[in-house]
Amino acid sequence: MNDRRFNVLLGFAAMVVVFIFAGFLFTLVVQSLPAAKQEGVAFLYGAEWNPVTTRFGALPFIIGTLMTSAIALIIAIPLSLSAGIVMGEYVGSGWGRSVLNTLINVLASIPSVVFGLWGIEVVIPLVRSLATSVGAPPYGAGILSASLVLAIMIIPYMSSMTREALVNVPAGLREGAFALGLTKQEVITGIALPFAKKSIFAGILLSLGRALGETMAVTMLIGNATRIPTSLFSLGNTLASVIASQFNEAASDVHRSAMMGLALILFIITMIAGWFGRTLMRKRMGAYGE
Amino acid sequence: MGNNIFAGEYKRRKRRDIGFRIAVLVPAGVVVALLLLILAQVVVNGGRALNLDFFFQQQKPFGEVGGGIVQAIVGTLMVLVVAIVIALPLSLLTALYLYEHKGSKRADALLNVVNTLQGIPSIVIGVVIYTWVVVPLKTFSAFAGGIALSIVMLPLMISMIKESLDMVPASYLEAALALGVPRWRAVVEIVVPAAASGILEAAGLGIARAGGETAPLIFTAFGNPFLSLNFKAPVSALPLVIYEYIKSPYDDWHQKAWGAALLLVIFVLSLNLFIGTRKKR
């Protein structure tokens with residue numbers, strides 16, 4: 001071994017990692033070609049997904065993915081911002097802080113499939129009785145159940161990002177504001193939140209990336225229907241959940257290829273969300289020389 | 001304050017301050033209550049399923065009460081062993097590359113790739129490893145499952161190991177170099193051991209993260225109702241058992257799904273908390 005060989009070895013490992021990434025993209029593109037050839041651009045907006053007649057349009061799942069993620073964000077944002085503000089601004093020290101932090105970390109590490117299990121046994125019966133009382137079809141499973149559990153799953157992540165953003169506000173700004181006689185609420189809404197808003201927004205984008213790609217809990221709760229969902233109580237599917245539920249039982253090679261196409265769409269969407277979130281985060285950090 | 005012309009204004013601001021406090025504390029309380037509720041349900045429902053048979057017996061034929069999930073416990077350990085054997089050396093070497101080329105354009109590009117890998121939905125990892133490993137080998141296997149999980153671990157471990165390498169004081173490396181030690185030996189024998197605890201933590205968190213993953217295993221390890229120690233054959237895993245059992249019509253299996261969930265949560269949490277307390281020290 002010498003310095004040169006050592007560097008070659010490290011360079012080789014780095015290349016492997018880059019090749020894994022490039023290989024993912026390459027494999028997804030190549031594997032989805034048969035379906036892309038058969039369906040053309042209509043693969044992206046076709047409303048019918050039928051393995052029997054081999055028609056493959058991704059629209060029902062794109063809509064399902066956007067609907068569940070959007071509803072989950074609408075529910076999770078106010079709850080996570082509140083939890084993040086409490087963690088960052090109100091429980092500054094002592095056991096309150098460590099209890100909250102530990103709890104949030106614990107929840108962030110619970111596997112998706114366990115949330116799915118909980119959703120099946122707890123959320124689905126609740127949604128079913130809600131659906132019955134408003135006269136909707138009483139499936140229980142569906143868009144609403146999936147979105148509710150999805151919201152719970154991203155809350156720990158989003159609230160710790162919010163806390164992180166608030167903690168990074170320079171102490172001088174806050175001290176100056178207090179010295180001028182501002183109340184705590186005025187400091188938070190007038191100084192801390194405006195300063196942290198880009199980081200908080202980046203955190204929301206990164207949470208969105210997670211919600212879009214979240215698979216198991218959604219697969220277990222959404223009802224796995226291949227129609228375009230029309231209401232909160234409709235059964236549906238997301239890009240991820242249709243792959244999870246149909247891939248092993250693929251009826252034909254085109255069917256499998258079409259699912260590779262869905263995986264490619266999912267890969268690209270989450271890549272863009274993640275890239276956006278990280279760029280925003282870095283800009284914020286850069287602006288104050290951290 | 002009594003006669004101050006600002007007294008009314010002051011009261012109004014004070015009220016708004018208290019109102020805001022309530023407006024954030026109540027939703028935060030709801031979040032905490034919800035999270036505690038989920039944890040409590042996993043513990044209570046899972047606790048009912050635990051007995052000796054649960055840990056040491058195989059799955060009984062469909063519909064028969066009793067038996068256990070030893071096949072899933074062993075299967076999870078098998079895929080995790082494969083995964084960490086691949087991910088640990090690869091992530092350590094990649095992190096060393098980033099450490100040695102700090103600030104260079106290539107390292108920044110590599111860091112971007114690592115971050116992007118981290119955002120790949122785990123289901124996508126499943127279908128790609130299916131194409132790479134299951135199709136050529138013509139069989140689902142513990143091996144394929146382990147490879148899929150190694151890709152889940154990889155980006156997380158690279159960035160954690162890189163952070164712990166960066167925390168080693170530069171003077172360590174400089175002192176070794178000044179004594180005439182070749183750079184590679186200084187890095188391997190001084191910097192890496194100094195970062196050893198961080199590397200172990202990264203491995204622990206990688207295992208905790210990958211151990212709970214289901215989606216990459218469905219098309220790779222596939223699942224197996226019987227205990228199998230063959231790395232070239234399909235194996236079960238704890239997350240797969242939860243997914244499969246809760247879809248079944250049997251109450252006994254539903255209870256076992258909760259038991260498996262409790263086991264999985266204890267496994268993941270003990271790794272996370274152990275590492276969390278180590279970090280504080």
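These numbers come from a predicted model, not from an experiment. By convention in this document, chain letters (A, B, ...) are assigned in the order of the sequence lines, proteins followed by strands, and residues within each chain are numbered from 1.
The backbone N or O of R278(A) sits nowhere less than 3.5 Å from a side-chain atom of N115(B) that would complete a donor-acceptor pair.
Using a 30° and 60° split on the angle between ring planes, F247(A) and F219(B) fall in the tilted class, from 30° to 60°. Note on ring orientation: taking the six-membered ring where Trp is involved, the planes of F6(A) and W184(B) are tilted (angle from 30° to 60°).
Within 6.0 Å of the NZ atom in K14(B), the count of heavy atoms belonging to other residues, nucleotides or ligands does not exceed 12. Few gaps surround CZ on F178(A); more than 12 heavy atoms of other groups in view lie less than 6.0 Å from it. By the 6.0 Å contact criterion, CG on N248(A) is enclosed, its count of non-hydrogen atoms from other residues, nucleotides or ligands being greater than 12. Atom CZ of R185(B) has 12 or fewer heavy atoms from other residues, nucleotides or ligands within 6.0 Å.
When heavy atoms are compared at a cutoff of 4.5 Å, L238(B) does not approach chain A at all. No part of S241(A) comes within reach of chain B, as not one of its non-hydrogen atoms sits under 4.5 angstrom from that chain. Contact of I85(A) with chain B is made through the side chain alone, with heavy-atom distances under 4.5 Å. Proximity to chain B is limited to the side chain of L28(A), based on heavy atoms less than 4.5 angstrom apart.
In terms of heavy-atom pairs under 4.5 angstrom with chain A, the leader among L92(B), L110(B), V42(B) is L110(B). If you tally non-hydrogen atom pairs under 4.5 Å between each of V188(B), L35(B), I246(B) and chain A, the highest count goes to L35(B). Put simply, of V127(B), V113(B), I129(B), the one with the most heavy-atom pairs under 4.5 Å next to chain A is V127(B).
Considering CZ of R256(A) and OH of Y130(B), their distance stands at 3.0 Å, rounded to 0.5 Å. E186(A) contributes atom CD, which lies 7.5 Å from atom CG of D17(B) (distance to the nearest 0.5 angstrom). Within the model, atoms CG of L239(A) and CD1 of I123(B) stand 11.0 Å from one another, a figure rounded to the nearest 0.5 Å. The OG1 atom of T183(A) lies 10.0 Å from the CZ atom of R21(B); values are rounded to the nearest 0.5 Å. Atoms CD1 and CG, from I110(A) and L269(B) in turn, are 6.0 Å apart once rounded to the nearest 0.5 Å. To the nearest 0.5 Å, the span separating CD1 on I38(B) from CE on M153(A) amounts to 9.5 Å.
Checked by atom type, the side-chain pair W275(A)/T116(B) shows no donor-acceptor distance below 3.5 Å.
Within the 4.5 Å cutoff, the side chain of V113(A) has heavy atoms near those of the L264(B) side chain.
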